[in-house]
Amino acid sequence: MNIWLLVILYLILYFFARKIWKNIKLSFEKLEELNGEFIYTFLRRIFKKEVYFKLEEVKTVFFTRMIIKNDMFGNLTLYIVLEDDYAIKLQKKENIILFFKSCKENNSELYEKFIKNAPMGINITAIMDREIENYKNKRN
């Protein structure tokens with residue numbers, strides 16, 4: 001009986017620690033932008049890592065998670081694949097909106113191409129435009 005209690009306690013602690021670690025990693029994700037040039041800072045294991053890239057270096061983007069609630073994005077995960085096949089995973093909604101805002105302002109053709117990569121052919125143009133406007137209003 002005691003061994004089962006220990007196993008259950010161990011599993012609870014494991015999942016609790018995993019949840020905390022995921023939140024810590026998410027809080028260290030940051031995307032900064034200036035005229036189509038990006039600096040992506042994130043936590044890799046214990047060390048902070050930075051990736052510099054330009055909008056022109058982006059080969060493709062694809063969503064791995066998209067939850068839409070009340071015509072707004074609830075939860076998003078976006079992979080950005082660069083020309084050198086390096087992949088960047090954005091998990092913060094604010095960073096994803098910033099990326100698409102920069103695409104829209106600096107290269108509208110690229111923006112349209114990326115928006116069409118939404119899963120199952122969903123048209124998210126109106127939702128993304130609304131989120132970008134909300135982001136701009138929040139920043140001002």
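Below, each value reflects all heavy atoms present in this structure, side chains not excepted, and no hydrogens, waters or symmetry copies. Please read these numbers as outputs of a predicted model, since none were measured by experiment. Position 1 is the first residue of the sequence; numbering continues from there.
- The only member of V61, T64, I88 that meets side-chain contact (heavy atoms from CB on, under 4.5 Å) when paired with L78 is V61.
- Each of M72 and I97 belongs to its own hydrophobic cluster when Ile, Leu, Val, Met, Phe, Trp and Tyr are linked at side-chain heavy-atom distances under 4.5 angstrom.
- Minimum heavy-atom separation, T77 to Q91: CG2-CG, 4.3 Å.
- Note that CG of N2 is 6.5 Å distant from CG of L6, once rounded to the nearest 0.5 Å.
- Taken to the nearest 0.5 Å, the CG atom of N95 stands 9.0 Å off from the CD1 atom of I80.
- Hydrophobic clustering (side-chain heavy atoms under 4.5 Å, transitive across Ile, Leu, Val, Met, Phe, Trp, Tyr) keeps F63 apart from V81.
- Of all heavy-atom pairs spanning L55 and S102, the tightest one is CD2-O, 4.1 Å.
- Considering all non-hydrogen atoms of both residues, K93 and F73 come closest at NZ-O, 2.8 Å.
- In the hydrophobic clustering of this structure, V51 groups with I96; members are Ile, Leu, Val, Met, Phe, Trp, Tyr whose side-chain heavy atoms approach within less than 4.5 Å, directly or through other members.
- Residue R130 qualifies as enclosed at atom CZ: its count of foreign heavy atoms under 6.0 Å is above 12.
- Annotation for F38 and E33: closest pair CE2-CG, 3.3 Å, computed over non-hydrogen atoms.
- Side-chain rings of F53 and Y40 stay apart, their centers remaining 6.0 Å or farther from each other.
- Taking the six-membered ring where the residue is Trp, F100 and Y111 present perpendicular rings, their angle passing 60° and hence far from 30°.
- Under a hydrophobic clustering in which Ile, Leu, Val, Met, Phe, Trp and Tyr are joined whenever their side-chain heavy atoms come within less than 4.5 Å, directly or via other members, L82 and F62 fall into different clusters.
- The neighbour count for E50 CD, taken as heavy atoms of other residues, nucleotides or ligands under 6.0 Å away, is above 12.
- Hydrophobic clustering of Ile, Leu, Val, Met, Phe, Trp and Tyr side chains at less than 4.5 Å, counting indirect connections, keeps I39 apart from L90.
- Residue-environment remark: NZ (K54) stays at or below the threshold of 12 foreign heavy atoms within 6.0 Å.
- Nearest heavy-atom pair across K89 and E29 is O-OE1, 3.8 Å.
- When side chains are defined from C-beta on, K104 counts as touching D129, because their heavy atoms get closer than 4.5 Å.
- Taking every heavy atom of both residues into account, K113 and K59 meet most closely at NZ-O, 3.5 Å.
- A donor-acceptor pair is defined here as one N or O able to donate and one able to accept, closer than 3.5 Å; no such pair exists between the side chain of E133 and the backbone of Y135.
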